[in-house]
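Notes follow once the structure below has been shown.
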Amino acid sequence: MRRKLTALIGVCALVLLGILMLRAIRMDRVGYREQAALSGEMIATAAQSLAFQREELVYDGRGELDLMEGVTATDVDGSDITEQVNAVITGRSGVSRKTVRYSVFLSDGRELTALRSLVMQGYRGPQLSVEESLDLAPEDLTDLAQVLKDRGALEADDGFGRDAAGQVTWQREKISTGIYNLTFSLFNPYLDSASAEAEAHIAGAMEDIRLTLTQNQAEIPMGSALDPLLFIAQAGSTEEENDLLDRVQVESYVNPQIPGIYSVIYTLTSLDNTQIAREVLTVTVTGGEE
């Protein structure tokens, strides 16, 4: 009886050992498949890249700036997609150092991005100067920056000492009949800008945009709503028209919950962006403790 029991125990042990061995083999196979899948993913990831020959791009102002210099990009299958890369200057770390962002979409819909520094040698930022007082005729406004440059009244360079008068924009704001405040601006491709102001005396008939309010002062009780657009009487290119109403920008600093005196600033810009007109509405919020 004892021998039969011992033999039975031995058989059970062998069966259990066989089951454990089969399970281990299955787990090894599953682990191999998972590892193989992971290896495949790593290979695919390694195939895609957005790389630079040099970590920093150096530009000294000679020739055209090529943000794509030394850039290569490959898709998940290893194909070259460098021509699809978008490069744009997105930030600055001081005047002479910028940050360039590179991005490209892969065939599977994902986006690859990378950053590198743009070092600008001999760059001091854009420079713009103009005489403080100008005598002009209406026809001078057609190409004002060039007219002033030819007179020696305006100087502009892009930061590398190169003439940039052709990149200067300007706006005029009427102060009184024949007298205008001119604001000149220079923006370059490197995210830098410069500005200058002058007072201009313009003799002759001028077509000025018009911005008028129904009133320049208003009073509202605490807690009530204020619609600034209701105070615009005219925003037009002529006395008879109100065709520029959608070009009025409104900055309201009114807090109707707190009694006090506030301002609403209206700014109208002409269609060609060379004129601006401003008006201010003073709003008094009344109420509170008596």
Side-chain angles (χ1 to χ4, degrees), residues 21-128 156-169 185-195 246-247 249 269 271-273:
M21 290 179 65
L22 288 173
R23 186 174 182 182
I25 291 172
R26 289 179 179 176
M27 290 181 67
D28 286 343
R29 289 178 177 176
V30 171
Y32 175 78
R33 288 195 298 269
E34 291 178 348
Q35 184 64 35
L38 179 60
S39 298
E41 181 180 347
M42 291 176 65
I43 292 173
T45 302
Q48 67 191 39
S49 68
L50 182 55
F52 314 115
Q53 289 181 357
R54 296 191 305 272
E55 292 185 2
E56 291 184 339
L57 176 62
V58 179
Y59 178 59
D60 61 4
R62 291 180 294 184
E64 294 293 330
L65 172 60
D66 182 10
L67 297 179
M68 290 297 297
E69 180 182 332
V71 178
T72 57
T74 54
D75 209 338
V76 291
D77 59 358
S79 59
D80 187 356
I81 54 174
T82 304
E83 292 186 355
Q84 302 175 32
V85 175
N86 179 54
V88 61
I89 299 175
T90 59
R92 50 180 291 178
S93 301
V95 174
S96 60
R97 183 176 289 268
K98 316 295 180 181
T99 300
V100 185
R101 182 181 187 273
Y102 298 85
S103 60
V104 64
F105 284 95
L106 303 174
S107 56
D108 60 9
R110 289 179 296 149
E111 182 183 21
L112 277 184
T113 62
L115 302 175
R116 75 167 168 173
S117 294
L118 168 61
V119 179
M120 306 176 69
Q121 295 179 345
Y123 177 75
R124 59 173 185 163
Q127 307 293 313
L128 177 61
D157 77 64
D158 66 349
F160 285 107
R162 298 176 298 201
D163 176 57
Q167 303 171 32
V168 174
T169 60
S185 301
L186 172 60
F187 299 91
N188 67 14
Y190 320 121
L191 300 185
D192 295 316
S193 62
S195 63
D246 59 343
R247 296 184 63 82
Q249 293 184 340
T269 305
L271 292 173
D272 62 2
N273 292 313

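A quick note: this is a predicted structure, and the numbers were derived from the prediction, not measured.
- With sequence neighbours excluded, no residue satisfies side chain to side chain donor-acceptor pair (under 3.5 Å) with Q84.
- Note: L118 CG to L67 CG = 6.5 Å, rounded to the nearest 0.5 Å.
- Using a 4.0 Å cut-off between charged nitrogen and carboxylate oxygen, D192 and K98 count as a salt-bridge pair.
- Using a 4.5 Å heavy-atom threshold, the side chains of V85 and M68 count as touching.
- A donor-acceptor pair under 3.5 Å is formed between the side chain of D75 and the backbone N or O of S107.
- Side-chain atoms of Q127 come within 3.5 Å of backbone atoms of G125 as a donor-acceptor pair (strictly under, hydrogens ignored).
- Residue-environment remark: CZ (R162) exceeds the threshold of 12 foreign heavy atoms within 6.0 Å.
- Distance CD/Q48 to CG/D108: 7.0 Å, rounded to 0.5 Å.
- Look at R101 and E111 and you find a salt bridge, because one of the NZ, NE, NH1 or NH2 atoms lies within 4.0 Å of a carboxylate O, short of that distance.
- Using the six-membered ring where Trp is involved, Y102 and F52 have ring planes that are tilted, between 30° and 60° apart.
- Interatomic distance, L186 CG to D158 CG, rounded to the nearest 0.5 Å: 8.0 Å.
- Between Y59 and Y123, the distance separating the two ring centers is not shorter than 6.0 angstrom.
- Within a 6.0 Å sphere centred on CD of Q249, other residues, nucleotides and ligands contribute 12 heavy atoms or fewer.
- Using a 3.5 Å distance cut-off with no hydrogens or angles, the side chains of T82 and T72 do not pair a donor with an acceptor.
- For D246, there are no side chain to side chain donor-acceptor pair (under 3.5 Å) partners at least two apart in sequence or on another chain.
- Once rounded to the nearest 0.5 Å, the distance linking CD of E69 with CD of E64 reads 13.0 Å.
- Within the 4.5 Å cutoff, the side chain of F187 has no heavy atoms near those of the Q167 side chain.
- One distance of note links OG of S103 with CG of L50; it measures 8.5 Å at 0.5 Å rounding.
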